[in-house]
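Heads up: the structure comes next, in structure tokens.
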Amino acid sequence: MMTTNKNLPDNNGFFGDFGGRFLPDELSKIMAELKNEFEEAKNSDDFREEFKTYLKDYVGRPSLFYYAEKLTKELGGAKVYLKREDLNHTGSHKINNVIGQALLAKRLGKKRIIAETGAGQHGVATATACALFDMECIVYMGEEDVRRQALNVFRMELLGAKVVAVKDGTRTLKDAVDAALTDLMGSYKDTFYMLGSAVGPDPYPQMVKYFQSVIGEEIKEQCMQAEGRLPDYLVACVGGGSNAIGMFAPFYEDKDVKLVGVEPAGRGLDTPDHAASITKGTKGIIHGFKCFVLQDDKGEPLPVYSIAAGLDYPGVGPEHCFYAESGRAEYGSVTDKQAVDAFLYLSKTEGIIPAIESSHAVSYGCQLARNLPKDKIVVINLSGRGDKDVHEIAHVLKEYM
Ligand SMILES: *Cc1c(COP(=O)(O)O)cnc(C)c1O
């Protein structure tokens with residue numbers, strides 16, 4: 001496996017002005033060790049082979065590259081393909097990353113796994129990998145999220161994980177990350193921290209990118225096979241940015257392929273209720289790395305909002321910040337209302353119920369395709385399936401009517 005932008009990040013974990021490691025010395029040392037171990041694993045044929053085998057036999061890869069013919073006809077513009085990460089075991093792209101990190105933990109002889117989770121998606125994926133690899137699993141989750149996401153808490157427990165309710169701060173995702181880092185400081189000798197997106201201190205953004213790059217690598221092959229050429233546009237939703245960077249990075253050097261990230265505009269970019277960190281944020285530091293952050297005058301992260309819990313984070317992966325600043329990728333945004341409309345539209349036209357996160361990419365990708373000539377190719381990353389969102393959508397529709 002390889003990505004084509006070999007110079008990113010630099011030796012200090014920077015993507016241009018973004019990323020790095022802004023941590024107390026003790027944690028910084030732990031990250032430096034992790035980085036060495038990751039480098040060794042990446043260069044090991046056995047490790048790469050084992051990762052590939054689990055992706056094939058357990059996750060069910062390669063995921064489909066599906067020509068949405070009916071959708072394409074209705075839109076009347078560019079040809080639309082969907083990359084079906086929703087068909088992976090556990091229903092999203094998150095499993096790619098946790099399998100990779102679990103294999104790394106196994107290689108390091110670490111049997112105790114900790115993770116943070118917001119809505120519970122990454123927590124469930126982590127608990128799944130821990131069940132498979134027979135590892136102890138502790139998931140930190142804000143008390144408020146534990147209450148809101150009772151079903152995912154039960155799922156994690158079914159899979160053998162222990163869920164710890166975090167009672168600090170706003171009792172949400174940010175506090176769960178802090179609790180996990182605190183645990184790691186005292187426990188790193190036998191503990192591995194599984195981070196759920198392409199964020200956090202170096203080496204996490206490059207590590208998560210490495211494990212998710214299978215998405216873009218498969219698209220390259222599948223599009224060559226189906227169309228005899230590379231796509232014109234790649235579209236993905238951006239929360240922390242892992243499904244998007246996994247899709248984009250393998251195309252970095254293919255400058256004719258346009259990369260489009262879609263952020264959550266929530267109730268509107270002119271309201272405080274969104275989580276569009278690249279579009280509306282300013283440079284700052286959050287959770288040990290530099291990126292565009294939605295922050296107040298004192299540098300404290302603002303409370304952010306999106307209908308999609310998986311996109312609801314005040315920071316964003318450093319590599320996306322670099323792509324945005326250098327112009328390699330473009331970042332747009334989609335409101336809750338537009339995402340819900342896309343959720344309904346894809347369900348009806350193709351018989352595919354997308355995750356509400358992915359619906360952001362579907363909305364933007366469809367608008368794009370509609371206005372392009374018929375000989376163009378747009379690929380939308382369907383990062384997850386929407387079964388988890390059906391309840392919330394039913395509730396929202398009642399409000400609309
Ligand atoms: C978590 C999640 C996301 C957002 O995370 P990224 O790291 O930005 O990919 C998007 N889609 C689904 C289905 C998710 O579960």
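Order of listing sets the numbers, starting from 1, for every ligand and every atom in it.
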Contact check: [X] vs ligand 1, nitrogen or oxygen atoms, below 3.5 angstrom:
X	result
Ser358	no
Glu357	no
Gly239	yes
Gly240	yes
Ala355	no
His93	yes

Atoms in ligand 1 flagged as close to [X], the criterion being non-hydrogen separation under 4.0 Å:
X	answer
Gly384	13 (C)
Ser197	6 (P), 7 (O)
Gly241	6 (P), 7 (O), 8 (O)
Lys94	1 (C), 2 (C), 3 (C), 14 (C), 15 (O)
Cys237	10 (C)

So, for [X] and [Y], is the gap between ring centers shorter than 6.0 Å?
X	Y	answer
Phe38	Tyr210	yes
Phe14	Phe322	no
Tyr323	Tyr331	no

Suppose we measure from [atom] to each protein heavy atom; which comes out shortest, and what is that distance?
atom	value
atom 5 (O) of ligand 1	Gly310 O, 3.9 Å
atom 11 (N) of ligand 1	Ser383 OG, 2.7 Å
atom 6 (P) of ligand 1	Ser242 N, 3.3 Å

(request) Using modelled atom types only, decide if a donor and an acceptor are shared between the side chain of Asp232 and the backbone of Ile377 within a distance under 3.5 Å. (result)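 Side chain of Asp232 to backbone of Ile377, a donor-acceptor pair under 3.5 Å: yes, one is there.
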
(message) Keeping Thr191 on the side-chain end and Ile113 on the backbone end, is there a donor-acceptor pair under 3.5 Å?
(response)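 No: the side chain of Thr191 does not pair with the backbone of Ile113.
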
(message) Between Arg171 and Glu143, does any side-chain N to carboxylate O distance fall below 4.0 Å?
(response) yes

(request) Please tell me if the side chains of Met135 and Lys106 come closer than 4.5 Å, counting only heavy atoms from C-beta onward. (result)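 Result yes, sub-4.5 Å side-chain heavy-atom pair found.
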
(request) Please tell me if the side chains of Ile114 and Met194 come closer than 4.5 Å, counting only heavy atoms from C-beta onward. (result)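 Side chain of Ile114 against side chain of Met194, heavy atoms only: no contact under 4.5 Å found.
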
(request) Kindly determine whether Arg385 and Asp86 satisfy salt bridge (Lys or Arg N to Asp or Glu O under 4.0 Å), including the steps that lead there. (result) CA-CA 5 Å; Arg385 67 177 179 227; Asp86 60 314; over 6 Å; no

